[in-house]
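Let me begin by presenting the structure, written as structure tokens, before commenting on it.
In what follows, chains carry the letters A, B, and so on, assigned in the order in which the sequence lines appear, proteins first and then strands, with residues in each chain numbered from 1.
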Amino acid sequence: MNAPETRPVLELAQVTRIHGAGGLAVHALREVSFETYAGELVAVMGPSGSGKSTLLTLAGGLDQPTSGRVLVEGTDLTAVGSAERAKLRRTSIGYVFQDFNLIPALTAGENVSLPLELDGVPTRAARAAASTALGELGIADLADRFPDEMSGGQQQRVAIARAVVGDRRLILADEPTGALDSVTGEDILRLLRARCDAGAAGVLVTHEPRHAAWADRVVFLRDGAVVDEAGEPMAAVRS
Amino acid sequence: MSVKHALLALLDEEPMYGYQLRAAFEERTAETWPLNIGQVYTTLSRLERDGLVEGGDTDDDGHQIYKLTDAGRAELTDWFGSAVPRTQPPRDELAIKVALAVSAPGLDPTAVIQRQRSATMSALQGYNRLKRQTTDLAYELVLDSLAFAAEAEIRWLDHCDARLRRVADHPDGAR
């Protein structure tokens, strides 16, 4: 366990996102406040259209709120320019998707080292970091395989390695088990859980209650607002 | 729950006396369904009467050791070879509560549903915490059984919620 920190890795403060305007305006999120600390995995559940994906997109800096603030490692994503936001995405935020989104023409090792190389890390150092990340996920031996030479579970492990490589601490996972069978899906959740136990902060969007239950907290969204929570908020445990 | 067949299955592994059977049963099922020792001995005497087990020697401490007979082994093979019957559904307090909440005056049934959803999710989190602490396969599978049942309950609550919303949006009965 890392030393307790008072600052959340991700903080959404009174975030509202409205798509469209006037009579056609859709309130995707309504004044949602939400925090995730290092060491914590939070699951977000809710029916289609409840705002789950919008929340994740805003947390990842891929979209901007209509009002409110989104802070990652203390930096307000709504207050910085697009260049700095893009840099923060490369250095602080890792995404894990349902369909893995690995680049088919690159090996597992190259897929994992790519975000570092794009950020200017020399190839040799980036490859070394990638191989460490793959090792931590138990798949060091797959470094030279291409995505189509791996099973779904193996590809998702590579995607998690890519999400955490280079000491990124915020992992945003969008239905990461949706394409996997129940045993492999559980393996992936255990890995995400372990990455959070090792100091990352995770946000998991899922519609599978068994998988959500690996989280410390489960947040229920409905019509763009948080209606309830199950589990202990980290802030309460710390105070 | 078939204590009878559980005891036959354990005795098929090795002859045991009553307290050993109880301990083995609870270990295998993660103490999820506690057995009292009276129940174990009553069941053993019925199994003996029916010729499915035989009480043989006593050990040094005077415990009577039971072992499986050929008829007991045949009964066990039948049990493993057949599906567990889906009998009359047990009385389900939650289903009854939701059914009554739908028409209860002055009550928001979706609040009843959300309270239950949170409580069941907390239970599910508890099962996963236990799963992280064990490497025992049988224990894990029993926890999985509880987890899948809790998940089914949450899915049903989601379904109730969606149906209530549909009815609220289309009071004329359109689906």
task: Identify which part of A/Glu208 has an atom lying under 4.5 Å from any heavy atom of chain B, answering side chain, backbone, both or neither.
output: both
message: According to side chain to side chain contact (heavy atoms under 4.5 Å, CB included), who are the partners of B/Thr120, at least two apart in sequence or on a separate chain?
response: B/Gln116, B/Ala150, B/Glu153, B/Ile154
message: Could you measure the distance from the CZ atom of A/Arg210 to the CE atom of B/Met121? Nearest 0.5 Å is fine.
response: 11.0 Å
task: Can you see which heavy atom on B/Ser122 is nearest to which on A/Ala230, and at what distance?
output: OG-CB, 3.8 Å
message: Are there residues of residues 127-142 of chain B whose heavy atoms fall under 4.5 Å of chain A's heavy atoms? If so, which?
response: B/Asn128, B/Lys131, B/Arg132, B/Glu140
- prompt: By number, which residues in residues 46-78 of chain B have some heavy atom less than 4.5 Å away from chain A?
  reply: none
field: Atom CZ of A/Arg69 with >12 non-hydrogen neighbours under 6.0 angstrom
entry: no
message: As an exercise, state the distance from CG of B/Asp158 to CE of A/Met45, rounded to the nearest 0.5 Å.
response: 6.5 Å
- prompt: Can you list every pair that meets salt bridge (Lys or Arg N to Asp or Glu O under 4.0 Å) and has a residue in residues 44-64 of chain A, with sequence neighbours left out?
  reply: A/Arg17-A/Asp63
query: Is the number of heavy atoms from other residues, nucleotides or ligands under 6.0 Å of B/His159 NE2 greater than 12?
result: no
- prompt: So which of B/Arg117, B/Arg165, B/Arg155, B/Arg115 has the largest heavy-atom pair count under 4.5 angstrom toward chain A?
  reply: B/Arg165
